[in-house]
Number of protein chains: 2
Amino acid sequence: MKISTKGRYAVRVMLDLALNNTGECIKVKDIAARQDISEKYLEQIIAALSRAGFVNSVRGAQGGYRLSKAPENYTVGMILRVTEGSLAPVACLDEGAEACERCDTCETLEVWRELARAIDNVVDNVTIADLVNRRKKRLEALDYSI
Amino acid sequence: MKISTKGRYAVRVMLDLALNNTGECIKVKDIAARQDISEKYLEQIIAALSRAGFVNSVRGAQGGYRLSKAPENYTVGMILRVTEGSLAPVACLDEGAEACERCDTCETLEVWRELARAIDNVVDNVTIADLVNRRKKRLEALDYSI
DNA sequence: TGTAATTCCTACTATCTTAGTAGGTTTGTT
DNA sequence: AACAAACCTACTAAGATAGTAGGAATTACA
């Protein structure tokens with residue numbers, strides 16, 4: 001029941017892009033340095049985000065990436081699903097899963113359904129914009145305390 | 001983010017023990033047959049439940065297993081934690097995890113905390129007794145429809 | 001026009017986890 | 001004594017995870 005590094009890193013990448021958005025392109029190299037993640041591995045992760053249309057890429061020198069929409073348009077759930085695949089806690093609940101023959105007598109399935117709902121409810125209700133705001137508030141609080 | 005077979009099977013085993021409780025010992029062989037799980041694999045799973053004190057074992061011929069307490073004393077969460085280990089979605093939140101150095105600026109950690117709470121809230125609020133009752137209701141509904 | 005910087009693409013790999021299998025030992029009943 | 005059960009430990013095949021590696025394509029800029 002762990003979220004993989006891929007998923008966790010992807011969320012951090014999206015947050016990094018939102019926090020460092022100046023209108024300019026942001027290079028993988030810079031994200032990798034800030035987030036302390038291998039450049040090469042990040043390349044793969046951001047490629048998935050790009051394929052999903054979450055970021056726009058600009059090739060060549062001075063190229064890089066930018067969020068394709070404003071941060072409030074991306075939920076943590078969207079990002080995790082793109083990088084991790086389904087967030088359902090059992091295969092029976094994956095999209096396109098064929099019903100197993102125990103389904104109708106399977107008392108546990110209902111529990112997994114509740115669990116899936118609870119998980120979705122959290123990750124689909126936090127956006128990258130929320131994380132940006134929390135970060136800002138945290139920094140403000142820090143300022144006052146000095 | 002999947003629950004392993006071990007955890008899922010463990011819940012089914014506990015439910016099976018609750019449903020088939022006649023006061024007599026229940027043999028692994030019978031559970032395996034009813035649940036359609038390999039006997040040898042089940043042995044390992046039930047051994048974990050036994051070590052945790054969830055079931056009592058009786059060795060020798062006519063031996064087997066029994067729930068050590070009434071079904072309402074076992075939550076799905078307890079069972080999953082015994083067989084799966086921590087249900088926390090990231091290692092940072094595992095019991096006894098040392099704080100990583102990014103913790104204080106890690107906006108995502110708070111999301112994982114919410115997620116952990118949501119997961120716990122589901123699995124810690126469903127007991128084996130609940131599953132037994134749901135099964136009974138389902139069977140009754142079936143009876144009436146005939 | 002050349003060169004450096006960047007994304008893009010594909011393959012490879014080492015390690016860990018999962019989901020079992022296998023074989024034997026101990027304990028208790030009949 | 002024979003049998004049936006739990007108990008114990010080691011092994012293993014397949015897959016997932018978390019990267020590494022190397023180069024090709026594209027573009028800005030000198």
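Below, all heavy atoms of this structure are taken into account, side chains as well, without hydrogens, waters or symmetry copies. Order of the sequence lines sets the chain letters (A, B, ...), proteins ahead of strands, with each chain counted from 1.
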Is it true that R135(A) and E107(B) have a side-chain N and a carboxylate O under 4.0 angstrom from each other? yes
Between dC9(C) atom P and Q44(A) atom CD, what is the distance in whole Å? 12 Å
The first and last nucleotides of DNA chain D lying within contact of chain B, meaning any atom under 4.0 Å from one of its heavy atoms, run from dA4(D) to dA10(D)
What is the distance, rounded to the nearest whole Å, between atom NZ of K2(A) and atom C1' of dT18(C)? 15 Å
Measure CD/E43(B) against P/dT25(C) and give the value in whole Å, please. 15 Å
Closest to the 5' end of DNA chain D, once V28(B) and G60(A) are matched to their nearest nucleotides, is V28(B)
Between dC9(C) (C1') and I45(A) (CD1): distance, integer Å: 16 Å
Below 4.5 Å, heavy atoms only, C-beta onward: do E84(A) and I79(A) meet side chain to side chain? no
Quick one: on DNA chain C, does I3(B) or I46(A) contact a more 5' nucleotide (nearest heavy atom)? I46(A)
Among residues 7-18 of chain A, which contact DNA chain D at a heavy-atom distance under 4.0 Å? Y9(A)
Do R66(B) and V55(B) make a side-chain contact, defined as non-hydrogen atoms from C-beta onward lying under 4.5 Å apart? no
Which of dC8(C), dA19(C), dG24(C) is nearest the side chain of S4(B)? It is dA19(C)
May I ask you to say whether D94(B) pairs ionically with K2(A), meaning some side-chain N is under 4.0 Å from a carboxylate O? yes
Looking at dT6(C), does its base get a donor-acceptor pair with the side chain of R59(A) below 3.5 Å? no
V58(B) or A61(A): which one's nearest nucleotide on DNA chain D is closer to the 5' end? V58(B)
Euclidean distance, atom OH of residue Y41(A) to atom P of dC9(C) [Å, nearest integer]: 19 Å
Note: R117(B)-E110(B) ion pair, threshold 4.0 Å (strictly below): yes
In one Ile/Leu/Val/Met/Phe/Trp/Tyr side-chain cluster, 4.5 Å: F54(B), V58(B): no
Looking only at side chains, do Y74(B) and S68(B) share a donor and an acceptor under 3.5 Å apart? yes
K6(A) side chain near L80(A) side chain, heavy-atom distance below 4.5 Å: no
Separation of atom CD in E39(B) from atom P in dA22(C), rounded to whole Å: 13 Å
First of S50(A) and M1(A) reached from the 5' end of DNA chain C, by closest nucleotide: S50(A)
CD1 of I31(A) versus P of dT6(C): gap in Å, rounded? 12 Å
What's K40(B) touching, base or sugar-phosphate or nothing? Going by heavy atoms closer than 4.0 Å. base
Run the salt bridge (Lys or Arg N to Asp or Glu O under 4.0 Å) test on K136(B) and D143(B) for me, step by step, so that the C-alpha distance in whole Å, both residues' side-chain angles and the decisive distance to 0.1 Å come before the verdict. CA-CA 10 Å; K136(B) 281 184 187 158; D143(B) 271 357; over 6 Å; no
Would you say S57(A) places a side-chain N or O within less than 4.0 Å of OP1 or OP2 belonging to dT7(C)? no
Working to the nearest 0.5 angstrom, can you tell me the gap between T83(B) OG1 and M14(B) CE? 10.0 Å
Whole-Å distance, Y65(B) OH to dG28(C) P, equals 13 Å
